[in-house]
J.: 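Got a structure for you, questions after.
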Amino acid sequence: MARVYDVRPAGPADLPLLAAIESAADALVTDLLACDPALFDATPGERRDADPGFLLVVDRPVVGFAQVLEEEGTAHLQQLCVHPEHGRLGRGTALVEACCAQAAVRGYDALTLTTFRDVSFNRPFYERLGFVVLDQPGGVLARHLRDEAAYDAVSPRVAMRRAW
Ligand SMILES: CC(C)(COP(=O)(O)OP(=O)(O)OC[C@H]1O[C@@H](n2cnc3c(N)ncnc32)[C@H](O)[C@@H]1OP(=O)(O)O)[C@@H](O)C(=O)NCCC(=O)NCCS
């Protein structure tokens, strides 16, 4: 049976803990792709919290988080991280589902993201959760892909969307 996790909006006590979770989670990617860890600069939780959108966390104390940006009429999953010590137990899935539910409540009909095409816990993980790869991403997604050109130089990136 799937575990039920305490996914909740980030509070002030969570914010200082998010960058360390992000650094630990990013190590999964940099180890796999054998790339420079400096490519993935962890963002302070306080800065994420100040962005337009919402920030959800899982567990108390927090061990994972998801940031959704609300921009130009879209909801975009900007970051999803679970500390590897707590990985592969359903928390990433719970965060994604909570992001979709919250985006729907806010009136959006889809959640978008960009991710690595060939990393097992990126594109295939999201496909299992109902996201599809977009062949010709435009607008906000095209901008995100342009902004992440340094990642694309390491391993191909894709844009994905889950609609409801
Ligand atoms: C992506 C991420 C948030 C998933 O969190 P999680 O709590 O492990 O997610 P879940 O337990 O719900 O699902 C895990 C599934 O992802 C895949 N996965 C997760 N970690 C993996 C790993 N180290 N190696 C291979 N597959 C992995 C597996 O398919 C796994 O399912 P399984 O354990 O049944 O095989 C987490 O791996 C992470 O923080 N990764 C680093 C940052 C990242 O890539 N974020 C996404 C950016 S778009």
Side-chain angles (χ1 to χ4, degrees), residues 2-3 5 7 10 14-51 53-59 61-71 74-100 102-103 110-135 137 140-162:
R3 297 186 199 198
Y5 289 106
V7 177
D14 301 308
L15 302 181
L17 306 176
L18 302 192
I21 293 169
E22 183 175 358
S23 295
D26 280 347
L28 286 176
V29 181
T30 54
D31 286 356
L32 192 78
L33 298 177
C35 61
D36 184 357
L39 192 61
F40 298 87
D41 214 6
T43 302
E46 293 81 354
R47 215 159 82 208
R48 293 194 183 281
D49 193 48
D51 286 336
F54 56 93
L55 191 55
L56 301 181
V57 297
V58 63
D59 286 10
V62 54
V63 301
F65 70 91
Q67 179 187 18
V68 173
L69 292 178
E70 294 179 87
E71 44 184 10
T74 70
H76 180 81
L77 182 59
Q78 175 67 12
Q79 185 57 285
L80 172 72
C81 290
V82 171
H83 195 291
E85 285 175 9
H86 303 272
R88 306 193 78 164
L89 292 171
R91 290 182 177 86
T93 296
L95 282 164
V96 171
E97 293 298 344
C99 287
C100 289
Q102 180 57 222
L111 185 68
T112 61
L113 59 87
T114 58
T115 196
F116 285 109
R117 185 190 69 191
D118 301 328
V119 171
S120 59
F121 45 86
N122 283 185
R123 192 249 323 148
F125 166 74
Y126 290 116
E127 278 178 343
R128 281 195 293 281
L129 295 179
F131 288 80
V132 294
V133 172
L134 300 174
D135 290 333
V140 172
L141 281 170
R143 175 168 54 75
H144 279 291
L145 287 171
R146 275 197 305 276
D147 290 348
E148 296 161 2
Y151 297 165
D152 199 49
V154 171
S155 187
R157 302 280 290 173
V158 285
M160 305 185 79
R161 182 173 187 267
R162 171 169 147 180

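For the numbers below, each heavy atom of this structure counts, side chains included, while hydrogens, waters and symmetry mates do not. Note that this is a predicted model, so its numbers are computed, not measured.
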J.: Between Tyr5 and Thr93 (side chain of the first, backbone of the second, donor and acceptor by atom type, cut-off under 3.5 Å), is there such a pair?
T.: no
J.: For the residue pair Ala142 and Pro137, what are the closest heavy atoms and their distance?
T.: CB-O, 3.7 Å
J.: What distance do Gln102 atom CD and Leu111 atom CG have between them, rounded to the nearest 0.5 Å?
T.: 11.5 Å
J.: Does Glu22 reach the main-chain N or O of Thr43 with its side chain, forming a donor-acceptor pair under 3.5 Å?
T.: yes
J.: Please test Phe125 against Val96 for side chain to side chain contact (heavy atoms under 4.5 Å, CB included), starting from the C-alpha separation and ending with a verdict.
T.: CA-CA 11 Å; Phe125 166 74; Val96 171; 4.3 Å; yes
J.: For the residue pair Arg157 and His144, establish whether any side-chain heavy-atom pair is separated by less than 4.5 Å.
T.: no
J.: Indicate the atoms forming the closest heavy-atom contact of Leu95 with Cys81, along with that distance.
T.: CD1-O, 4.3 Å
J.: Between Leu141 and Leu134, does a side chain to side chain contact (heavy atoms under 4.5 Å, CB included) hold up when you go through it step by step?
T.: CA-CA 10 Å; Leu141 281 170; Leu134 300 174; 3.4 Å; yes
J.: Just wondering, do Asp26 and Pro37 contact through their side chains at under 4.5 Å, heavy atoms?
T.: no
J.: Which residue, Leu80, Leu113, Leu77, Leu55, forms the side-chain contact (heavy atoms from CB on, under 4.5 Å) with Cys99?
T.: Leu77
J.: Side chains of Cys35 and Phe40, heavy atoms from C-beta outward: is any pair under 4.5 Å?
T.: yes
J.: What's the spacing between Leu69 CG and Arg48 CZ if we round to 0.5 Å?
T.: 8.5 Å
J.: Are Thr115 and Val158 packed together at the side-chain level, in the sense that at least one heavy-atom pair is separated by less than 4.5 angstrom?
T.: yes
J.: Could you give the distance from CD (Glu127) to CG (Asn122), rounded to the nearest 0.5 Å?
T.: 11.5 Å
J.: So which atom in Ile21 and which in Gly64 form the shortest heavy-atom distance, rounded to 0.1 Å?
T.: CD1-N, 4.0 Å
J.: Does Phe131 have Arg161 sitting over its ring (NZ/CZ under 6.0 Å from centre, angle to axis within 45°)?
T.: no
J.: Show the numbers, then the answer: is there a side chain to side chain contact (heavy atoms under 4.5 Å, CB included) between Phe121 and Val29?
T.: CA-CA 9 Å; Phe121 45 86; Val29 181; 3.7 Å; yes
J.: Roughly how far, to the nearest 0.5 Å, is CZ of Arg47 from CG of Leu15?
T.: 13.0 Å
J.: For a 4.5 angstrom cut-off between non-hydrogen side-chain atoms, does Asp59 reach His83?
T.: no
J.: So, does Arg91 use its side chain to make a donor-acceptor pair with the main chain of His86 at under 3.5 Å?
T.: yes
J.: Would you please test Val57 and Leu18 for side chain to side chain contact (heavy atoms under 4.5 Å, CB included) and show each step?
T.: CA-CA 9 Å; Val57 297; Leu18 302 192; 4.2 Å; yes
J.: Kindly indicate whether the side chain of Phe116, heavy atoms from C-beta on, has any atom under 4.5 Å from the side chain of Leu33.
T.: yes
J.: At their closest point, which heavy atom of Val68 faces which heavy atom of Ala75, and how far apart are they?
T.: CG1-CB, 4.0 Å
J.: Is there side-chain contact between Arg123 and Val119, with heavy atoms separated by less than 4.5 Å?
T.: no
J.: Kindly indicate whether the side chain of Leu129, heavy atoms from C-beta on, has any atom under 4.5 Å from the side chain of Arg162.
T.: yes
